Amino acid sequence: MSQRAESSDAIATATTAQAVLQGAEPVAFEHAHQPRTSAQLAVGIAVLVVAGLLSWGALHIPSQAGYSGVGPDFLPWLAACVLGLCGLWLCWEALSGGYRHLDAPDGAQHGDWGALAWVCAGLLVNAALITTLGFIVSCTVCYALATQGLRRATGQAHAGSAKTIVIDLVTGVLIAAPVFWVFTQFLAINLPGLTETGWL
(Lines give C-alpha, C1' and ligand atoms only; values in the text may rest on other atoms or scores of the structure.)
Protein backbone atom coordinates (compact mmCIF):
# COMPACT_ATOMS: atom_id res chain seq x y z
CA MET A 1 0.00 0.00 0.00
CA SER A 2 2.82 2.42 0.82
CA GLN A 3 4.43 1.78 -2.57
CA ARG A 4 1.14 2.55 -4.33
CA ALA A 5 0.74 5.78 -2.31
CA GLU A 6 4.27 6.86 -3.14
CA SER A 7 3.63 6.06 -6.81
CA SER A 8 0.43 8.16 -6.80
CA ASP A 9 2.28 11.05 -5.17
CA ALA A 10 5.03 10.84 -7.77
CA ILE A 11 2.49 10.85 -10.61
CA ALA A 12 0.70 13.88 -9.11
CA THR A 13 4.00 15.71 -8.69
CA ALA A 14 5.02 14.95 -12.27
CA THR A 15 1.63 16.14 -13.58
CA THR A 16 1.92 19.41 -11.65
CA ALA A 17 5.44 20.00 -12.91
CA GLN A 18 4.35 19.32 -16.49
CA ALA A 19 1.50 21.80 -16.17
CA VAL A 20 3.87 24.46 -14.88
CA LEU A 21 6.34 23.80 -17.71
CA GLN A 22 3.53 24.08 -20.27
CA GLY A 23 2.63 27.54 -19.01
CA ALA A 24 -0.52 26.78 -17.02
CA GLU A 25 0.72 28.62 -13.95
CA PRO A 26 1.70 31.89 -15.69
CA VAL A 27 -1.66 31.99 -17.49
CA ALA A 28 -3.51 31.56 -14.21
CA PHE A 29 -1.33 34.24 -12.63
CA GLU A 30 -1.98 36.64 -15.48
CA HIS A 31 -5.76 36.20 -15.36
CA ALA A 32 -5.76 36.48 -11.57
CA HIS A 33 -4.41 40.01 -11.81
CA GLN A 34 -6.58 41.25 -14.69
CA PRO A 35 -9.31 43.75 -13.75
CA ARG A 36 -12.87 42.84 -14.52
CA THR A 37 -14.03 43.49 -18.07
CA SER A 38 -16.81 45.78 -16.85
CA ALA A 39 -14.29 48.11 -15.21
CA GLN A 40 -12.18 48.15 -18.37
CA LEU A 41 -15.25 48.95 -20.46
CA ALA A 42 -16.11 51.80 -18.08
CA VAL A 43 -12.65 53.29 -18.72
CA GLY A 44 -13.22 53.20 -22.47
CA ILE A 45 -16.66 54.78 -22.13
CA ALA A 46 -15.24 57.52 -19.88
CA VAL A 47 -12.62 58.35 -22.53
CA LEU A 48 -15.38 58.55 -25.15
CA VAL A 49 -17.37 60.90 -22.91
CA VAL A 50 -14.34 63.18 -22.55
CA ALA A 51 -13.89 63.12 -26.34
CA GLY A 52 -17.55 64.08 -26.75
CA LEU A 53 -17.20 66.98 -24.32
CA LEU A 54 -14.13 68.22 -26.19
CA SER A 55 -16.05 68.02 -29.46
CA TRP A 56 -18.93 69.98 -27.96
CA GLY A 57 -16.52 72.64 -26.75
CA ALA A 58 -14.78 72.78 -30.14
CA LEU A 59 -18.10 73.58 -31.80
CA HIS A 60 -18.19 76.88 -29.91
CA ILE A 61 -14.67 77.94 -30.97
CA PRO A 62 -14.34 80.12 -34.10
CA SER A 63 -12.98 78.24 -37.09
CA GLN A 64 -11.59 81.17 -39.07
CA ALA A 65 -8.06 80.37 -40.22
CA GLY A 66 -5.28 82.47 -38.76
CA TYR A 67 -1.84 83.32 -40.08
CA SER A 68 -0.80 79.66 -39.89
CA GLY A 69 -3.66 78.47 -42.08
CA VAL A 70 -5.57 76.74 -39.28
CA GLY A 71 -8.18 78.10 -36.96
CA PRO A 72 -8.17 78.09 -33.15
CA ASP A 73 -10.51 75.10 -33.16
CA PHE A 74 -7.94 72.84 -34.85
CA LEU A 75 -6.20 71.51 -31.72
CA PRO A 76 -9.43 70.87 -29.77
CA TRP A 77 -10.82 68.90 -32.71
CA LEU A 78 -7.55 67.00 -33.08
CA ALA A 79 -7.52 66.11 -29.37
CA ALA A 80 -11.19 65.07 -29.51
CA CYS A 81 -10.59 62.79 -32.51
CA VAL A 82 -7.53 61.15 -30.97
CA LEU A 83 -9.35 60.61 -27.67
CA GLY A 84 -12.35 59.21 -29.53
CA LEU A 85 -10.16 56.68 -31.33
CA CYS A 86 -8.47 55.71 -28.06
CA GLY A 87 -11.87 55.29 -26.38
CA LEU A 88 -13.13 53.05 -29.18
CA TRP A 89 -9.96 50.99 -29.01
CA LEU A 90 -10.26 50.58 -25.23
CA CYS A 91 -13.90 49.51 -25.56
CA TRP A 92 -12.99 46.99 -28.25
CA GLU A 93 -10.20 45.58 -26.07
CA ALA A 94 -12.56 45.26 -23.10
CA LEU A 95 -15.32 43.56 -25.13
CA SER A 96 -12.96 41.15 -26.89
CA GLY A 97 -11.44 39.55 -23.81
CA GLY A 98 -9.94 42.33 -21.74
CA TYR A 99 -6.72 44.32 -21.84
CA ARG A 100 -3.76 42.26 -23.01
CA HIS A 101 -0.39 41.73 -21.31
CA LEU A 102 -1.24 43.45 -18.04
CA ASP A 103 1.48 43.55 -15.42
CA ALA A 104 0.74 42.39 -11.90
CA PRO A 105 -0.22 45.32 -9.64
CA ASP A 106 2.80 46.56 -7.71
CA GLY A 107 1.37 49.54 -5.81
CA ALA A 108 -0.16 49.84 -2.37
CA GLN A 109 -3.40 48.08 -1.54
CA HIS A 110 -5.12 51.37 -0.71
CA GLY A 111 -4.71 54.94 -1.92
CA ASP A 112 -3.10 57.61 0.25
CA TRP A 113 -6.13 59.85 0.77
CA GLY A 114 -4.22 62.27 2.97
CA ALA A 115 -1.66 62.95 0.25
CA LEU A 116 -4.46 63.33 -2.29
CA ALA A 117 -6.14 65.89 -0.04
CA TRP A 118 -2.95 67.99 0.03
CA VAL A 119 -2.70 67.98 -3.77
CA CYS A 120 -6.40 68.79 -4.22
CA ALA A 121 -6.10 71.60 -1.67
CA GLY A 122 -3.27 73.10 -3.71
CA LEU A 123 -5.35 73.10 -6.88
CA LEU A 124 -8.41 74.57 -5.14
CA VAL A 125 -6.39 77.28 -3.39
CA ASN A 126 -4.78 78.23 -6.69
CA ALA A 127 -8.16 78.53 -8.40
CA ALA A 128 -9.60 80.55 -5.52
CA LEU A 129 -6.71 82.99 -5.04
CA ILE A 130 -5.29 83.55 -8.52
CA THR A 131 -7.55 86.55 -9.22
CA THR A 132 -6.90 88.20 -5.84
CA LEU A 133 -3.30 87.35 -4.96
CA GLY A 134 -2.03 87.00 -8.50
CA PHE A 135 -0.44 84.25 -10.55
CA ILE A 136 2.90 84.06 -8.76
CA VAL A 137 1.58 83.84 -5.19
CA SER A 138 -1.28 81.46 -5.94
CA CYS A 139 0.90 79.11 -8.02
CA THR A 140 3.59 79.16 -5.34
CA VAL A 141 1.07 78.09 -2.69
CA CYS A 142 -0.30 75.45 -5.06
CA TYR A 143 3.20 74.06 -5.63
CA ALA A 144 4.01 73.98 -1.92
CA LEU A 145 0.78 72.19 -0.97
CA ALA A 146 1.03 69.68 -3.82
CA THR A 147 4.66 68.95 -2.98
CA GLN A 148 3.70 68.35 0.64
CA GLY A 149 1.22 65.75 -0.53
CA LEU A 150 3.78 64.02 -2.72
CA ARG A 151 6.37 64.07 0.07
CA ARG A 152 3.91 62.48 2.48
CA ALA A 153 2.89 59.89 -0.09
CA THR A 154 6.51 58.76 -0.43
CA GLY A 155 6.93 58.62 3.35
CA GLN A 156 9.49 61.41 3.77
CA ALA A 157 9.97 61.96 7.49
CA HIS A 158 10.82 65.67 7.16
CA ALA A 159 7.80 66.48 4.95
CA GLY A 160 6.15 68.84 7.43
CA SER A 161 9.26 70.53 8.79
CA ALA A 162 9.64 74.31 8.57
CA LYS A 163 12.81 73.97 6.48
CA THR A 164 11.08 71.78 3.90
CA ILE A 165 8.09 74.13 3.66
CA VAL A 166 10.40 77.11 3.09
CA ILE A 167 12.30 75.18 0.41
CA ASP A 168 9.04 74.31 -1.35
CA LEU A 169 7.82 77.92 -1.22
CA VAL A 170 11.09 79.27 -2.61
CA THR A 171 11.08 76.64 -5.35
CA GLY A 172 7.50 77.54 -6.20
CA VAL A 173 8.46 81.20 -6.61
CA LEU A 174 11.44 80.27 -8.79
CA ILE A 175 9.11 78.32 -11.07
CA ALA A 176 6.05 80.61 -11.10
CA ALA A 177 7.78 83.98 -11.43
CA PRO A 178 9.71 83.29 -14.68
CA VAL A 179 6.60 81.77 -16.25
CA PHE A 180 4.60 84.88 -15.29
CA TRP A 181 7.28 87.21 -16.68
CA VAL A 182 7.56 85.31 -19.97
CA PHE A 183 3.82 85.61 -20.57
CA THR A 184 3.39 89.21 -19.42
CA GLN A 185 6.65 90.83 -20.54
CA PHE A 186 7.67 88.89 -23.65
CA LEU A 187 4.41 87.45 -25.03
CA ALA A 188 2.20 90.38 -23.94
CA ILE A 189 -0.39 87.99 -22.50
CA ASN A 190 -2.14 89.31 -19.40
CA LEU A 191 -2.13 87.07 -16.36
CA PRO A 192 -3.61 87.97 -12.95
CA GLY A 193 -1.12 89.90 -10.82
CA LEU A 194 -0.94 91.95 -7.65
CA THR A 195 0.15 95.05 -9.56
CA GLU A 196 -0.33 96.47 -13.04
CA THR A 197 3.38 96.36 -13.82
CA GLY A 198 3.39 92.78 -15.09
CA TRP A 199 6.26 91.87 -12.78
CA LEU A 200 4.33 90.79 -9.67
Side-chain angles (χ1 to χ4, degrees), residues 33-103 105-108 111-113 115-150 153-154 171-193 198:
H33 290 281
Q34 284 188 350
R36 292 188 303 175
T37 304
S38 58
Q40 296 177 351
L41 181 61
V43 172
I45 293 174
V47 173
L48 288 175
V49 170
V50 174
L53 292 175
L54 280 177
S55 300
W56 180 79
L59 288 173
H60 297 80
I61 299 176
S63 59
Q64 290 82 7
Y67 68 90
S68 60
V70 296
D73 63 338
F74 172 74
L75 285 179
W77 276 116
L78 178 63
C81 291
V82 172
L83 273 179
L85 291 175
C86 290
L88 290 174
W89 189 3
L90 291 172
C91 289
W92 178 81
E93 288 275 348
L95 294 174
S96 61
Y99 298 162
R100 276 71 165 173
H101 310 296
L102 286 178
D103 294 330
D106 56 357
D112 192 336
W113 297 107
L116 178 63
W118 279 93
V119 176
C120 291
L123 295 174
L124 293 175
V125 167
N126 187 21
L129 299 181
I130 192 170
T131 56
T132 55
L133 296 182
F135 180 89
I136 296 177
V137 176
S138 62
C139 288
T140 297
V141 175
C142 174
Y143 176 86
L145 291 175
T147 305
Q148 278 294 308
L150 296 176
T154 56
T171 306
V173 171
L174 294 177
I175 295 173
V179 172
F180 181 75
W181 297 332
V182 166
F183 275 89
T184 57
Q185 300 297 323
F186 297 100
L187 299 179
I189 297 176
N190 293 327
L191 292 178

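Here the structure is a predicted model, which is why all the values come from computation and not from measurement.
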Quick one: pull up [atom1] in [X] and [atom2] in [Y] and give me the separation to the nearest 0.5 Å.
{"X": "L48", "Y": "L88", "atom1": "CG", "atom2": "CG", "answer": "5.0 Å"}
{"X": "N126", "Y": "F135", "atom1": "CG", "atom2": "CZ", "answer": "7.5 Å"}
{"X": "L54", "Y": "L75", "atom1": "CG", "atom2": "CG", "answer": "11.5 Å"}
{"X": "L191", "Y": "T131", "atom1": "CG", "atom2": "OG1", "answer": "12.5 Å"}

Please report the closest heavy-atom contact between [X] and [Y], naming both atoms and the distance.
{"X": "A80", "Y": "S55", "result": "CB-OG, 3.3 Å"}
{"X": "Q40", "Y": "G98", "result": "OE1-CA, 3.0 Å"}
{"X": "F180", "Y": "G193", "result": "CZ-CA, 4.2 Å"}
{"X": "A115", "Y": "G149", "result": "CB-O, 3.2 Å"}
{"X": "A127", "Y": "I130", "result": "O-CG2, 3.9 Å"}

Problem - Residue of the set L133, T171, V173 for which side chain to side chain contact (heavy atoms under 4.5 Å, CB included) holds with T140 - result: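 Of all the options given, the one that passes is V173.
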
Practice task
Indicate yes or no: at least one non-hydrogen side-chain atom of V125 is less than 4.5 angstrom from one of S138.
Solution key: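 In short, these two side chains do not touch, never coming nearer than 4.5 Å.
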
Handout entry: Beyond-backbone contact of L150 with W118, side-chain heavy atoms, under 4.5 angstrom
Key =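 L150 vs W118: side chains apart.
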
